[in-house]
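One structure is given here, and the rest of the page talks about it.
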Amino acid sequence: MQPETQTEPFAGLEEFGEQGPLVGILVGSESDREAMDPALQELDDRGISYEFHVLSAHRDPRGVAEYASTAALRGVRVIICGAGMAAALPGVVASYSELPVIGVPLRSSKSVGDGLDALLSIAQMPPGVPVACVSIDGARNAAVLAARILAQGGGLPPQHL
Ligand code: RP5
C-alpha cells in the first residue's frame, strides 16, 4: 500500500478523515522543504504513512496551534518539525500536543553558526515540555526515531501523560 502523503497547507480538522497518517511532518518555511526529503524517503522506504505541511510558528501561530492540538485526534502518533534560525516550531508544537515531537535543526544561508542557532532553539526547551532534537540537517534520523517510537506501541495509559 502506498503511504499517505498530504502536501497541501493544513486547512482544518474537518478536511480530514478519522484516521490520519501516523507521522506529521512540519516545516517552518517552503525554504526548508528540500532539507526534509531524507525523512520522507525514510518513511516511504519503511511504508509508514505521513503528512507534510508548511506551517510557521512565527508567521502562522494560529495554524500551528490548530494543527498541533488536533493531530492526535486524527491518528497522528509522532510529529517531526524541521525549522531553521530561531526555530520555535518544534517547541510550540510540543506545547500544544502530548505527542512525541522530534525537532530537526536546519542550516540555511541565513543561519548563525551553520545551524547552531536552530539547534539551540530546538534543544533548549524548558522542563516539562520535551522536544527530541536530532543533529543539524538530521532529517533521516528524525524519521528513524519516529519509526522506533511507533514500534513501541501503546504501553502507557493516557492518564500518565
Ligand atoms: C525559519 O526561518 C524557517 O524554518 C526557515 O528555516 C527560516 C527562514 O525562512 P524563510 O525566510 O526562508 O521563509 O522560521
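It should be emphasised that the depicted structure is a prediction, and the values quoted were computed from it without experimental measurement. Atom set for the values below is all heavy atoms of this structure, side chains included, hydrogens, waters and symmetry mates excluded. Atoms within each ligand, like the ligands themselves, are counted from 1 in listed order.
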Any Leu106 heavy atom less than 4.0 Å to ligand 1: no
Atom indices of ligand 1, in the order listed, that fall short of 4.0 Å to a heavy atom of Met85: 2 (O), 7 (C), 8 (C)
For atom 11 (O) of ligand 1, the protein heavy atom that lies nearest, with its residue and separation: Lys110 NZ, 3.0 Å
Please output the side-chain donor-acceptor pairs of residues 132-147 that fall under 3.5 Å, not counting sequence neighbours, one pair per line with the distance.
residue, atom, partner, partner atom, Å
Asp137, OD1, Arg107, N, 3.2
Asp137, OD2, Arg107, NH1, 3.0
Arg140, NE, Glu42, OE1, 2.8

Ser56 (side chain) donor-acceptor with Arg59 (main chain) under 3.5 angstrom: yes
Atom 12 (O) of ligand 1 [closest protein heavy-atom partner, distance rounded to 0.1 Å]: Ser31 OG, 2.7 Å
Backbone N/O of Ala65 and side chain of Ser69: donor-acceptor pair under 3.5 Å: yes
Test of proximity, Gly84 against ligand 1: N or O pairs below 3.5 Å: yes
Nearest neighbour in protein (non-hydrogen) for atom 5 (C) of ligand 1: Asp32 OD1, 3.3 Å
Nearest-contact summary for atom 10 (P) of ligand 1 - protein heavy atom, Å: Ser29 OG, 3.4 Å
Side chain, backbone, both or neither: the part of Glu30 lying under 4.0 Å from ligand 1 by heavy atom: neither
Separation between CG of Asp44 and OH of Tyr50, rounded to the nearest 0.5 Å: 3.5 Å
Arg59, any N or O under 3.5 Å of ligand 1 N or O: yes
Between CG on residue Leu22 and CD on residue Glu51, distance to nearest 0.5 Å: 10.5 Å
Distance (rounded to the nearest 0.5 Å) between Leu119 CG and Asp114 CG: 12.0 Å
Ala83 neighbourhood, listing ligand 1 atoms whose heavy-atom distance to it stays under 4.0 Å: 4 (O)
Nitrogen or oxygen atoms of His58 and ligand 1 under 3.5 Å apart: no
Distance in Å, Leu89 CG paired with Leu106 CG, rounded so as to fall on 0.5 Å steps: 10.0 Å
Minimum-distance pair of heavy atoms, taken over all atoms of Val101 and Cys81: CG1-SG, 4.1 Å
